[in-house]
Amino acid sequence: MLRVRFAPSPTGFLHVGSARTFIFNWLYARRNRGTMVLRLDDTDVERNTDASVNSIFEGLRWLDLGWDEEYKQSERLALHRHIADAIFQKGLAYRDFTPAHTGDTEKSGANQTWLFNPGMRELPRAESDRRAAAGETFALRFRVPRDTAETVSFHDAVYGDQLKSTADIEDFALLRSDGMPTYHLASCADDIDLRISHIIRGQDHLSNTYKHVLIFQGAGAHPPQFAHLPLLVAPDGSKLSKRRHGPVVSVTTYRDAGFLPEAFINFLCLLGWSPKDNRENLTRQELIEAFSLEGINRANAVINFKEPAATPDETFDPKALWLNAEHIRALTVDHLSARLLPVVHAAGFPITADKMHAITPLIRERIKLLRDVLTAADFFLLADNQLPPYDPAELIPQKGDAAMALKVLTRAREVLPHTEFKHDPLDQTLRNASQELGVKAGQMFQPIRVAVCGRKNAPPLFETLEVLGRESTLARIDQALGKL
RNA sequence: GGCGCUAUCGUCUAGGGGUUAGGACGGAAGAUUCUCAAUCUUCAAACCCGGGUUCGAUUCCCGGUAGCGCUACCA
């Protein structure tokens with residue numbers, strides 16, 4: 001049975017790199033009819049916060065992918081200690097009574113003692129037992145077998161065969177002096193107990209994997225399959241961090257801006273993975289079918305946002321925006337309208353579902369993010385007397401003057417009360433009016449568009465008027481006339 | 001410092017001993033439309049450097065360089 005896990009540590013919000021790791025695990029599980037395990041790696045009591053746990057669940061729920069089993073590492077400490085003890089009893093670990101480093105004293109690079117604290121590794125068992133019994137605190141360290149084994153190796157599905165000399169692996173800690181397991185121990189103990197078959201995680205763990213292989217072997221278990229993912233990095237190549245890059249790395253930022261989760265997932269999948277057939281826009285089902293570990297590549301991927309964002313959109317990778325627009329256009333009017341309504345309501349516009357449904361087709365091809373509805377459809381949402389102010393000069397058509405604008409709007413004001421507010425009759429009436437006036441159709445439409453929308457760039461005129469209705473249209477033309 | 005991983009257009013990527021090095025986003029130009037958007041067409045844009053191996057390397061090998069990761073009683 002194939003089992004994968006996503007194991008975030010709740011020390012901050014769910015960030016995009018973690019989200020991608022979750023997604024790849026999920027895809028692999030679904031592709032191979034396996035089980036997806038969610039495990040909170042919360043052994044670092046100092047740094048864990050409830051807010052972080054909430055943020056992680058919030059982000060994962062938004063992705064709407066789900067998982068099959070859920071665990072909390074802090075509830076499994078007995079298991080961790082049991083496995084640590086088993087390793088100790090086999091002589092594969094030793095007690096280190098050296099006081100823990102306080103503060104981040106400089107790791108004196110060149111010194112030779114980085115592998116372990118001299119003396120402790122070879123401390124006779126009897127003395128070790130005596131000191132422990134006397135209540136001295138100690139960390140439990142793995143005794144890396146430098147005499148009996150010269151290398152540690154494993155196969156990585158992405159990076160291939162990996163080999164490292166034991167001389168280059170330090171005696172890492174299994175248990176802290178307060179008895180809490182370290183990440184390495186807890187992670188491996190749980191992976192064994194939960195029968196995880198494939199560990200898919202960030203490449204920052206590639207070098208740690210040698211230690212994990214040692215723990216698996218020390219505990220008498222077969223190491224699972226490994227697949228490390230290239231990291232997601234900032235445009236300057238640096239690691240994504242909250243401190244340096246702010247909210248752009250948080251999943252909730254994407255949600256709040258109006259990304260569709262399916263588009264966000266699609267975007268993240270394209271960073272460090274490729275279906276290799278030139279497809280870019282993929283549905284969830286297509287991703288499941290196309291996903292494979294072989295499609296993952298080895299170089300870090302840049303999320304291409306602008307460091308100081310000049311516009312709100314620059315917070316996001318242009319490709320993410322494009323993909324979101326693609327997914328928005330792929331939605332039916334019913335579905336898109338249902339997604340847009342809460343956004344509009346949240347902004348304080350109490351419009352009906354029917355109104356939203358009527359507006360949706362007019363803006364579907366004009367928005368990249370759900371929040372864009374507020375700017376793209378503002379003139380549908382605002383009251384007639386609350387349109388954003390515009391320069392009266394905007395009312396003047398191309399190659400025309402104020403007199404032409406006046407003429408056009410006056411004529412429209414005369415003709416519209418008797419026109420049925422449907423696309424075709426409006427089209428007919430206004431085109432005829434332009435001919436009678438001797439102006440081009442565009443010269444007729446543009447002043448009306450500005451009068452009604454408050455700006456030059458807007459959806460097609462007749463559909464707009466139809467949705468807006470006769471009353472608002474006439475009121476807004478009157479207002480425009482007042483400006484001329 | 002030590003150990004390791006990586007290197008194709010600005011970005012995401014395909015490819016692979018002989019190719020016009022392909023696609024996408026973004027950019028530019030044009031078509032179309034009542035404006036905008038969408039759509040369509042076209043254009044500019046890349047194999048990190050140096051040695052090998054080879055008839056021939058962007059591709060294979062070695063070295064360099066650069067970036068990143070690990071080097072915690074963080075994860």
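Keep in mind that what you see is a predicted model, and the values were worked out from it rather than measured. In what follows, chains are A, B, ... by sequence order, proteins preceding strands, each numbered from 1.
Aromatic rings of A:Phe267 and A:Phe259 (six-membered ring for Trp) have centroids beyond the 6.0 Å cut-off, not under it.
Look at A:Thr43 and you'll find a side-chain N or O under 4.0 angstrom from OP1 or OP2 of B:rA75. Residue A:Arg279 places none of its side-chain N or O atoms closer than 4.0 Å to OP1 or OP2 of B:rA24. Residue A:Lys276 has a polar side-chain atom (N or O) positioned under 4.0 Å from OP1 or OP2 of B:rG15. Residue A:Arg455 places none of its side-chain N or O atoms closer than 4.0 Å to OP1 or OP2 of B:rC36. The shortest distance between the side-chain N/O atoms of A:Asn278 and the OP1/OP2 oxygens of B:rU13 is not below 4.0 Å.
Put simply, NE2 on A:His80 and CG on A:Leu174 are 11.5 Å apart, with the number rounded to the nearest 0.5 Å. A distance of 12.5 Å separates CZ of A:Arg298 from CG of A:Asn300, quoted to the nearest 0.5 Å.
Among B:rC3, B:rC12, B:rC34, the nucleotide with an atom closest to any side-chain atom of A:Ala301 is B:rC12. For A:Asn304, the side-chain atoms get nearest to B:rG10 when compared with the rest of B:rC73, B:rG10, B:rA24. When the nucleotides B:rC73, B:rA75, B:rC34 are ranked by their closest atom to the side chain of A:Phe445, B:rC34 comes out on top. Considering only side-chain atoms of A:Val302, the nucleotide from B:rA75, B:rG69, B:rU11 that sits closest is B:rU11. Nearest to the side-chain atoms of A:Ser207 among the listed nucleotides B:rC25, B:rG69, B:rC73 stands B:rG69. Set against B:rG2, B:rC73, B:rC34, the side chain of A:Asp168 has B:rG2 as its closest nucleotide. Minimum atom distance to the side chain of A:Arg449 is reached by B:rC34, of the listed B:rC12, B:rC34, B:rC5.
The partner of B:rG4 is B:rC68, judged by Watson-Crick or G-U wobble contacts that both fall below 3.5 Å. Here B:rC9 sits opposite no nucleotide as a Watson-Crick or G-U wobble pair (both hydrogen-bonding atom distances under 3.5 Å). Using the Watson-Crick or G-U wobble rule with both distances under 3.5 Å, B:rG50 pairs with B:rC62. In this entry B:rU35 has no Watson-Crick or G-U wobble partner, no candidate having both defining distances under 3.5 Å. Base pairing analysis places B:rU41 opposite B:rA29; the two distances defining the Watson-Crick or G-U wobble pair are each below 3.5 Å. Base pairing annotation: B:rA14 forms no Watson-Crick or G-U wobble pair, as no partner gives both donor-acceptor distances under 3.5 Å. The partner of B:rA57 is absent, by the rule that a Watson-Crick or G-U pair needs both atom distances under 3.5 Å. With a cut-off of 3.5 Å on both pairing distances, B:rU19 has no Watson-Crick or G-U wobble partner at all.
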Could you list the protein-to-nucleotides 39-41 of chain B atom pairs, N/O on both sides, closer than 3.5 Å?
none

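Using a cutoff of 4.0 Å between basic side-chain nitrogens and carboxylate oxygens, A:Glu262 and A:Arg339 are scored as salt-bridged. In this structure, A:Arg95 does not pair ionically with A:Glu136, as no charged nitrogen and carboxylate oxygen lie closer than 4.0 Å. Between A:Asp313 and A:Lys306, no side-chain nitrogen of the basic residue sits less than 4.0 Å from a carboxylate oxygen of the acidic one, so the salt-bridge criterion is not met. Remark: A:Arg146 engages A:Asp171 in a salt bridge, criterion side-chain N to carboxylate O under 4.0 Å.
A:His205 is not listed as a side-chain neighbour of A:Phe226, based on a closest heavy-atom distance of 4.5 Å or more. By the 4.5 Å heavy-atom criterion applied to side chains, A:His155 and A:Asp161 are counted as neighbours.
Nucleotides B:rU53 and B:rU20 are separated by 27 Å at their P atoms, to the nearest Å. Across B:rG27 and B:rC36, the matching P atoms stand 16 Å from one another, rounded to whole Å. Taking the C1' atom of each, B:rG69 and B:rC60 are spaced 26 Å apart, rounded to whole Å. Comparing the P positions of B:rC40 and B:rC47 gives a spacing of 29 Å, expressed to the nearest Å. Here, B:rG26 and B:rA21 have their P atoms 26 Å apart, quoted to the whole Å. With both ends at atom P, the span from B:rA45 to B:rU59 equals 22 Å, rounded to whole Å. When the P atom is used for both B:rC61 and B:rG16, the distance is 15 Å, rounded to whole Å. For B:rC49 and B:rU42, the P atoms lie 31 Å apart once the distance is rounded to whole Å.
Within the nucleic acid shown, A:Leu271 comes within 4.0 Å of sugar-phosphate atoms alone, with no base atom in reach, counting heavy atoms only. Nucleic acid contact for A:Lys368: none, since no nucleic acid atom lies under 4.0 Å from a heavy atom of the residue. A:Pro230 comes within contact range of no nucleotide atom at all, as no heavy-atom separation falls under 4.0 Å.
When each of A:Leu270 and A:Leu206 is assigned the nucleotide of RNA chain B bearing its nearest heavy atom, the one mapping closer to the 5' terminus is A:Leu206.
Atom CD of A:Gln446 and atom P of B:rU35 are 8 Å apart (whole Å). Summarising the geometry, the separation between CD on A:Glu170 and C1' on B:rC70 is reported as 8 Å, rounded to the nearest angstrom. The separation between A:His327 atom NE2 and B:rC25 atom C1' is 15 Å, rounded to whole Å. Remark: C1' of B:rG69 and CZ of A:Arg201 are 13 Å apart, rounded to the nearest angstrom. Whole-Å rounding puts the A:Asn300 CG to B:rU6 C1' distance at 7 Å. In this entry the distance linking CG of A:Asn281 with P of B:rG23 reads 18 Å, nearest Å. What separates CG of A:Leu465 from C1' of B:rU35 is a distance of 13 Å, to the nearest Å. Whole-Å rounding puts the A:Asp161 CG to B:rC5 P distance at 11 Å.
Taking the six-membered ring where tryptophan is involved, the planes of A:Trp273 and A:Phe24 are perpendicular, since the angle between them exceeds 60° and thus also 30°.
For A:Asn208 against B:rA75, a side-chain-to-base donor-acceptor contact under 3.5 Å is present. At a cut-off of 3.5 angstrom, counting only N and O atoms as typed in the model, there is a donor on one side and an acceptor on the other between the side-chain of A:Glu280 and the base of B:rG23. Counting distance only, with no hydrogens placed and no angle test, the side-chain atoms of A:Arg366 and the base atoms of B:rC36 include a donor-acceptor pair under 3.5 Å.
Nearest heavy atoms, A:Ile448 versus A:Ala412: CD1-CB, 3.9 Å. Taking both residues in full, the closest heavy atoms of A:Ala451 and A:Leu409 are given as CB-CD2, 4.3 Å, listed atom of the first, atom of the second, then distance.
Judged by the 6.0 Å and 45° rule, A:Arg131 forms no cation-pi pair with A:Phe138. A cation-pi contact links A:Lys483 to A:Tyr390, judged by a cut-off of 6.0 Å to the six-membered ring centre and 45° from its axis.
Near-neighbour residues of RNA chain B inside residues 72-84 of chain A, defined by a heavy atom below 4.0 Å, are absent.
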